[in-house]
Amino acid sequence: MRYCGWVVRKVQVGRVLILEVSTSSSVRLSVLVFKPERDRDFYATVRDVDVGTALCFEGFPAEEQKSKRGIEYVVEKLEIYAKPLEPLPVDTAGKTPVLLDTRLKYRWLLARKPEERAIVRIRSGIIKAAREYFEANGFTEIHTPKIVAAGAEGGATLFKVQYFENDAYLSQSPQLYKQMLIASFEKVYEITPYFRAEKFNTPRHLNESWGIDAEQGFISSVEDVMKTLEELVAYIVNYVSKNYREELEELGIQPLQLTTPFKRLKFTEVVDLLRSEGVDVRENEDLSDYAERKLGEIMSEKKHYLYFIVGFPWSSTAFYYMREEDGIYTRKFDLDFKGLEIASGGQREHRYEKLVEALKDKGLNPENYSFYLEAFKYGMPPHGGFGLGIERLLMKILNLENIREAVLFVRDRTRLIP
RNA sequence: GCCGCCGUAGUAUAGCCCGGUUUAGUAUGCGGGCCUGUCGAGCCCGUGACCCGGGUUCAAAUCCCGGCGGCGGCGCCA
């Protein structure tokens, strides 16, 4: 077996040389042990190898596994591919601390460390699990445009781009497009970037983030959509727990086993609950971050780590959510994970006239949405869907303190490089 | 948009409040030496830093102003 990777640590004790190599085949380090009498052929070469060297080796696991840091190999063949020109700017052996800022600058290099590598691999696992779930459940993967015309959704502010002679924007959500496709597909999903031009600087916001979006038609109620979302999230989390044990262990995370259904809370119940705890909540607005976190604490005490909040007031939602008969509440829901909103969705308004009315009610001009509205003229079934934030989900699964840790190359208020 | 805190070697930090006692300390890295497999190895020697500009002062890493950069809180947002 041939393994390739980078030397993250080199130790010499007496005449024994030890190289710890980070390979992409595992988050566990490979420990290469060289003794002068046994490894005459490579000994001189290895003595010359610096931390950071890219190499491949062939060998077999040693009988005596003395190392506590990885799997020991007896090397039979060694190929050196590249040596570092300078000492590495950050410690890939995990001994010297590194600040988040520096960590983000050198993420591509630090990913040689087991912990950083583990985060990247688990993120990859989330995507893999999501695809598996959707493909097994009759969803078709779609791709909608990321360069869009104005007025996609209201809400978050958009990044402007010059599109030849027209102004255009980076898509903040595939919302309108995935809905339009319910005119021809029963179930669709998309794994996509979201671009949001909000000037936030918080541990839970990014200006470029990724989402898992789904939309399904022919539903009988918003429950159908919530069921898809909870099954998806449970599938992802359980998949990661099962298939990424080493990675989770490396990060010191206890694998989580989720069962469905998740707890459902009505928005009005949440308001009452929080008020009884002395939290100031407005009944016609979305919950504040503080209120969300507080609710997370209350729910965690009852062992409900994931829970839905259903029935947000119309005054706090986007125009496309279906309103209840009372006109006050909607079929919009959020899915929170330990006090953080990781997904939101709901049943949409599929009736053309009602949708036009809703746009007007929100002070939007239906003419600007004619491309979207037209999709509701020719047999649009009742439908709903959701958007699930990948970084937020990853953050919560891994107990990351800052959402920036969940992305390799961060785009936030001030970071455009690397 | 409003507000707060921070900015010292490659990395991470002490010193800053109370200016001079600092050739700016420590750890780690890096270079060299020692050590019969270390595992945050150890021991010895060496290396290297006060974000930028202006001001106050006999004297500024330390105080003041501005800029740039980082982190966070509120708002907004997923």
Side-chain angles (χ1 to χ4, degrees), chain A residues 8-20 29 31-39 50-52 62 64-72 74 84 86-106 109-110 153-158 172-175 192-213 280 285-293 316-318 332-337 340-345 386-393 395-396 401-404 406 410 412-417:
Chain A
V8 294
R9 187 162 167 265
K10 180 187 177 185
V11 190
Q12 181 179 2
V13 186
R15 285 148 65 236
V16 179
L17 279 168
I18 297 166
L19 296 184
E20 287 176 3
L29 295 169
V31 180
L32 279 40
V33 180
F34 300 91
K35 298 178 182 177
E37 62 284 359
R38 186 185 69 194
D39 304 297
D50 293 322
V51 168
E64 262 192 305
Q65 289 288 334
K66 290 189 190 172
S67 174
K68 292 169 191 157
R69 289 171 51 96
I71 304 156
E72 270 190 46
V74 175
E86 294 167 22
L88 309 196
V90 283
D91 176 25
T92 50
K95 194 170 167 188
T96 311
V98 60
L99 288 173
L100 183 63
D101 187 35
T102 313
R103 213 174 135 193
L104 298 180
K105 184 176 171 191
Y106 291 112
L109 185 59
L110 284 167
E153 199 178 329
T157 25
L158 306 167
Q172 55 153 278
S173 154
Q175 182 62 32
T192 173
Y194 300 158
F195 302 97
R196 312 249 155 118
E198 301 287 343
K199 292 182 180 177
F200 26 52
N201 185 15
T202 83
R204 54 193 175 277
H205 293 276
L206 294 167
N207 291 289
E208 180 182 281
S209 68
W210 282 75
I212 298 171
D213 265 84
D280 184 32
E285 284 177 18
D286 205 345
L287 299 174
S288 67
D289 286 335
Y290 175 74
E292 255 184 0
R293 284 196 294 269
S316 75
T317 66
K332 183 207 164 176
F333 61 77
D334 277 356
L335 176 64
D336 282 31
F337 192 159
L340 182 72
E341 178 183 343
I342 60 163
S344 67
F386 57 82
L388 168 66
I390 293 171
E391 290 82 11
R392 285 191 167 188
L393 176 61
M395 184 183 175
K396 283 296 165 180
E401 279 179 14
N402 194 308
I403 197 164
R404 286 170 254 233
V410 172
D412 63 13
R413 178 68 187 85
T414 51
R415 237 175 292 261
L416 197 52
I417 290 168

Contact pattern, 5' to 3', of nucleotides 24-31 of chain B - B, S or - by protein heavy atom under 4.0 Å: ----SSS-
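Going from atom CG of L17(A) over to atom C1' of A41(B) covers 15 Å, rounded to whole Å. In this entry the distance linking CZ of R15(A) with C1' of C35(B) reads 12 Å, nearest Å. At whole-Å resolution of the value, CG in L416(A) and P in G69(B) are 12 Å apart.
Listed nucleotides: U38(B), G70(B), C74(B). Nearest to the side chain of T414(A): G70(B). With G70(B), U38(B), U11(B) as the candidates, the nucleotide lying closest to the side chain of V90(A) is U11(B). Out of C74(B), G70(B), A41(B), the shortest distance to the side chain of R204(A) is found at C74(B). You'll find that the side chain of P203(A) is closest to G73(B), out of U11(B), C39(B), G73(B). Among the nucleotides C76(B), U38(B), C39(B), the one closest to the side chain of E198(A) is C76(B). Considering only the side chain of K66(A), C39(B) comes nearest among G70(B), G73(B), C39(B). When distances run from any side-chain atom of R69(A) to the nucleotides C39(B), G72(B), A12(B), the shortest one goes to C39(B).
One P atom belongs to C6(B), the other to C63(B), and the distance between them is 10 Å to the nearest Å.
Residues I403(A) and L104(A) each lie close to RNA chain B; by heavy-atom proximity, the contact nearer the 5' end of the strand is made by L104(A). A residue-by-residue look at Y106(A) and L206(A) shows that Y106(A) has its nearest nucleotide of RNA chain B further toward the 5' end.
Here the side chains of F195(A) and E208(A) are in contact, with some heavy-atom distance below 4.5 Å. A 4.5 Å side-chain heavy-atom check between D286(A) and K332(A) finds at least one atom pair inside the cut-off. With contacts defined as side-chain heavy-atom distances shorter than 4.5 Å, the pair H205(A)/E391(A) does not qualify.
Counting any heavy atom pair closer than 4.0 Å across all strands shown, E72(A) reaches a base atom. S67(A) comes within 4.0 angstrom of a nucleotide base, judged by non-hydrogen atoms across all strands. Using a 4.0 Å heavy-atom criterion, one finds that L99(A) contacts the sugar-phosphate atoms exclusively. Contacts of E86(A) with the nucleic acid, taken as non-hydrogen atoms under 4.0 Å apart, are absent. Contacts of D289(A) with the nucleic acid, taken as non-hydrogen atoms under 4.0 Å apart, include base atoms. At a threshold of 4.0 angstrom between heavy atoms, the contacts of R38(A) with the nucleic acid are absent. Residue contacts shown for V98(A) are limited to sugar-phosphate atoms, with no base heavy atom under 4.0 Å away.
C77(B): no Watson-Crick or G-U partner with both key distances under 3.5 Å is found in any strand. Under the Watson-Crick and G-U wobble criteria, each requiring two contacts below 3.5 Å, nucleotide U57(B) is left unpaired. Pairing partner, G69(B): C6(B), with both Watson-Crick or wobble hydrogen-bond distances short of 3.5 Å. Using the Watson-Crick or G-U wobble rule with both distances under 3.5 Å, G31(B) pairs with C45(B). Both distances falling under 3.5 Å, in either a Watson-Crick or a G-U wobble arrangement, occur for no nucleotide opposite C39(B). Pair assignment for C16(B): none, as no Watson-Crick or G-U wobble contacts are both less than 3.5 Å.
Closest non-hydrogen pair, E401(A) versus P203(A), comes out as O-CB, 3.6 Å.
Among residues two or more places apart in sequence or in another chain, the salt bridge (charged side-chain N to carboxylate O under 4.0 Å, His left out) test is passed with K396(A) by none. Considering only residues two or more places apart in sequence or on other chains, E64(A) meets the salt bridge (charged side-chain N to carboxylate O under 4.0 Å, His left out) condition with K66(A). R9(A) meets the salt bridge (charged side-chain N to carboxylate O under 4.0 Å, His left out) test with E20(A); sequence neighbours excluded. Take A291(A) and apply the side-chain contact (heavy atoms from CB on, under 4.5 Å) test, not counting sequence neighbours, and it matches L274(A), V279(A), L287(A), S288(A).
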May I have the list of side-chain donor-acceptor pairs in residues 95-102 of chain A shorter than 3.5 Å, sequence neighbours left out?
| unit_1 | atom_1 | unit_2 | atom_2 | d |
| --- | --- | --- | --- | --- |
| D101(A) | OD1 | R415(A) | NH1 | 2.7 |

